[in-house]
Amino acid sequence: MYDGYKPGSFGTAGDGMGICPIVKPETPEERRRAVRAVASLSDDAVECAEVLAMLGLDPAEGK
C-alpha cells in the first residue's frame, strides 16, 4: 500500500529514516509474506516474535 510518500518529506541527512518510505502490509498475501520475511531473517524465535509484535503482525498470518 502506498501511504502518501512525498519526495523530500523524509530521508534527509541526520533524520535516521533512510531513503525508503515505511509501507504497512494491507492484504492477507502481503501480511503473509511480511511474516515469512521476518521469520527468515530473525536469529531466533524470541527476536522473530519481538519484530512481528513491533510490526503489528501475528505469526499465524505466515501460514
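Predicted, not measured: the structure shown is a model, and the values here were computed from it.
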Basic-acidic side-chain contact under 4.0 Å: R32, E29: yes
Show me the donor-acceptor pairs, under 3.5 Å and distance only, between side chains in residues 52-61 and residues at least two apart or in other chains.
residue	atom	partner	partner atom	Å
D58	OD1	A60	N	2.7
E61	OE1	R31	NH2	3.2
E61	OE1	D58	N	2.8
E61	OE2	R31	NE	2.5
E61	OE2	R31	NH2	3.4

Quiz: residues 34-43 side-chain donor-acceptor pairs under 3.5 angstrom, not counting sequence neighbours:
residue	atom	partner	partner atom	Å
R36	NH1	G62	O	3.1
S40	OG	R36	O	3.4
S40	OG	A37	O	2.9
S42	OG	V38	O	2.7

